[in-house]
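Down below is the structure, laid out as structure tokens.
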Amino acid sequence: MPGRDEVRPLSRAELPVDTMEMARFLIGKLLVRGTPEGRTTGRIVETEAYPPGDASGHHFRGETAANRSMFLEPGRAYVYFIYGVHFMLNVSSEPARTGGGVLLRALEPVGGIDLMRARRGPVRERDLTRGPGRLAQAMAVVPELNGVDMCEEGPIWLAEAPRPAGEIGVSVRIGITKEAHQLRRYFERGNPCVSGSTAHNRSDN
DNA sequence: AAGAAGATTCGCT
DNA sequence: GCGAATCTTCTTA
């Protein structure tokens, strides 16, 4: 039976053209990264939406050389560097020239776990990809990935969910000061790989 | 030209 | 719980 291990990219036609819908849609989907060292794969369990008009979004003040990827069609990688330490990976999520993105905050490790360990050092498996900076380190997210089309099998792409997503929780986003009350964080409830405090992940929000 | 803020993580107290 | 690490980008003078 061909392709038992094949991981096919999600087509652009399957993606929602709306940031909140994209943030929800991506929960449970696979993120796949291919490098010369091998392939790492994780199931997306936590996202945040940064829609048009959101003052906390990097696209808020219009298109620049730095945020250009978020003004491309849905399904492009937007990579940026923050705090002088970490890279963050986002997926563009609005029609071209609009500006919007979904931050990928946590994965459940699925494949290439030894390679993730080599990149992350000795931590519990669930901590390999729990948090956006850790996710980026485990998946070797580098600036060269900025603008990459994640709807085709390249260095990094999105693929079909290996199993249906569980119940999806919603909360305020983590670590921002502007638009802090907006309920734009999505996560698979009960998944140990989700970041955030207990307060963020309660079921009564 | 200079400065502050920033979608975080880690280690120590 | 707090602060350091460390750099890019945008804003303001």
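Naming convention: chains lettered A, B, ... in sequence-line order (proteins, then strands); numbering from 1 in each chain.
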Taking only N/O atoms, report every protein-nucleotides 11-13 of chain B pair under 3.5 Å with atom names and distance.
none

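Here the closest non-hydrogen pair linking Ala77(A) and Leu145(A) is CB-O, 3.4 Å. In plain terms, the two heavy atoms of Thr129(A) and Ala138(A) that are nearest each other are CG2-CB, 3.6 Å. Of all heavy-atom pairs spanning Ala66(A) and Tyr78(A), the tightest one is O-CE1, 3.5 Å. Scanning all heavy atoms of the two residues, the minimum distance from Leu104(A) to Leu31(A) falls at CD1-CD2, 4.1 Å.
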Step-by-step salt bridge (Lys or Arg N to Asp or Glu O under 4.0 Å) determination, Glu167(A) to Arg24(A)
CA-CA 11 Å; Glu167(A) 188 191 346; Arg24(A) 184 178 285 271; over 6 Å; no
One pair to check against salt bridge (Lys or Arg N to Asp or Glu O under 4.0 Å): Lys178(A) and Asp54(A). What are the steps and the verdict?
CA-CA 9 Å; Lys178(A) 298 172 191 143; Asp54(A) 189 316; over 6 Å; no
Does the side chain to side chain donor-acceptor pair (under 3.5 Å) test come out yes or no for Asn191(A) and Glu108(A), once each step is laid out?
CA-CA 8 Å; Asn191(A) 192 302; Glu108(A) 175 185 315; 2.9 Å; yes
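Without hydrogens or angle criteria, Arg33(A) side chain to Met139(A) main chain gives a donor-acceptor distance under 3.5 Å.
Counting heavy-atom neighbours within 6.0 Å of Glu160(A) CD, excluding the residue itself, gives a total of 12 or less.
For the contact set between residues 97-122 of chain A and DNA chain B, defined by any heavy atom under 4.0 Å, the members are Leu103(A), Arg105(A), Arg120(A). Near-neighbour residues of DNA chain B inside residues 131-143 of chain A, defined by a heavy atom below 4.0 Å, number-ordered: Gly131(A), Pro132(A), Gly133(A), Arg134(A). Non-hydrogen atoms lying under 4.0 Å from DNA chain B are contributed by Ser56(A), His58(A), all within residues 54-75 of chain A.
Tyr50(A) has its ring centre no less than 6.0 Å from the ring centre of His59(A).
Counting only Watson-Crick and G-U wobble pairs whose two key distances fall under 3.5 Å, DNA chain C forms stems of three or more stacked pairs at B:1-6 with C:7-12, B:8-12 with C:1-5.
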Return all side-chain donor-acceptor pairs below 3.5 angstrom for residues 130-137 of chain A, not counting sequence neighbours, or 'none' if the list is empty.
{"unit_1": "Arg130(A)", "atom_1": "NE", "unit_2": "Asp127(A)", "atom_2": "OD1", "d": "2.9"}
{"unit_1": "Arg130(A)", "atom_1": "NH2", "unit_2": "Asp127(A)", "atom_2": "OD1", "d": "3.0"}
{"unit_1": "Arg134(A)", "atom_1": "NH1", "unit_2": "Arg130(A)", "atom_2": "O", "d": "2.9"}
{"unit_1": "Gln137(A)", "atom_1": "OE1", "unit_2": "Arg120(A)", "atom_2": "NH1", "d": "2.8"}
{"unit_1": "Gln137(A)", "atom_1": "NE2", "unit_2": "Arg119(A)", "atom_2": "O", "d": "3.1"}

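In terms of position on DNA chain B, the residue among Ser195(A) and Gly84(A) whose nearest nucleotide sits closer to the 5' end is Gly84(A).
In this view, Glu73(A) and Arg12(A), Arg76(A) satisfy the side-chain contact (heavy atoms from CB on, under 4.5 Å) rule, not counting sequence neighbours. Partners of Glu21(A) according to the side-chain hydrogen bond (donor to acceptor under 3.5 Å, both in side chains) rule, which considers only residues two or more places apart in sequence or in another chain, do not exist here. Under the side-chain hydrogen bond (donor to acceptor under 3.5 Å, both in side chains) criterion, Asn146(A) pairs with Ser69(A), not counting sequence neighbours. Every residue meeting the side-chain contact (heavy atoms from CB on, under 4.5 Å) condition with Glu152(A), not counting sequence neighbours, appears here in chain and number order: Asp149(A). Not counting sequence neighbours, the partners of Ser195(A) by the side-chain hydrogen bond (donor to acceptor under 3.5 Å, both in side chains) test are Glu46(A), Arg105(A).
The separation between Ile174(A) atom CD1 and dT8(B) atom C1' is 11 Å, rounded to whole Å. For the pair His86(A) NE2 and dT8(B) C1', the computed distance is 4 Å after rounding to whole Å. The distance between atom CD1 of Ile176(A) and atom P of dA7(B), rounded to the nearest whole Å, is 8 Å. Between the CE atom of Met88(A) and the C1' atom of dG6(B) there is a distance of 10 Å, rounded to whole Å. Distance Leu128(A) CG to dC10(B) P: 11 Å, rounded to the nearest Å. Nucleotide dT8(B) holds its C1' atom 12 Å from the CD atom of Glu46(A), rounded to whole Å. Computed from coordinates, the Arg126(A) CZ to dT9(B) P distance equals 14 Å when rounded to whole Å. Rounded to a whole Å, the OH atom of Tyr186(A) is 15 Å from the C1' atom of dA7(B).
Taking atom P in both dA2(B) and dT6(C), one finds a spacing of 22 Å when rounded to whole Å. Nucleotides dA5(B) and dG3(C) place their P atoms 15 Å apart, quoted to the nearest Å.
Checked against Thr40(A) for a side-chain contact (heavy atoms from CB on, under 4.5 Å), the options Leu115(A), Leu107(A), Asp114(A) give a single hit: Leu115(A).
Here the straight-line distance linking atom CD of Glu63(A) with atom NE2 of His58(A) works out to 15.5 Å at 0.5 Å rounding.
Side-chain atoms of Tyr80(A) come within donor-acceptor range of the base of dA7(B), with a qualifying N/O pair under 3.5 Å.
Note: the hydrophobic cluster containing Leu15(A) also contains Ile44(A) (ILVMFWY, side chain heavy atoms under 4.5 Å, direct or indirect links).
With a cutoff of under 4.0 Å to any heavy atom of chain A, the contacted region of DNA chain C is bounded 5' to 3' by dA5(C) to dT11(C).
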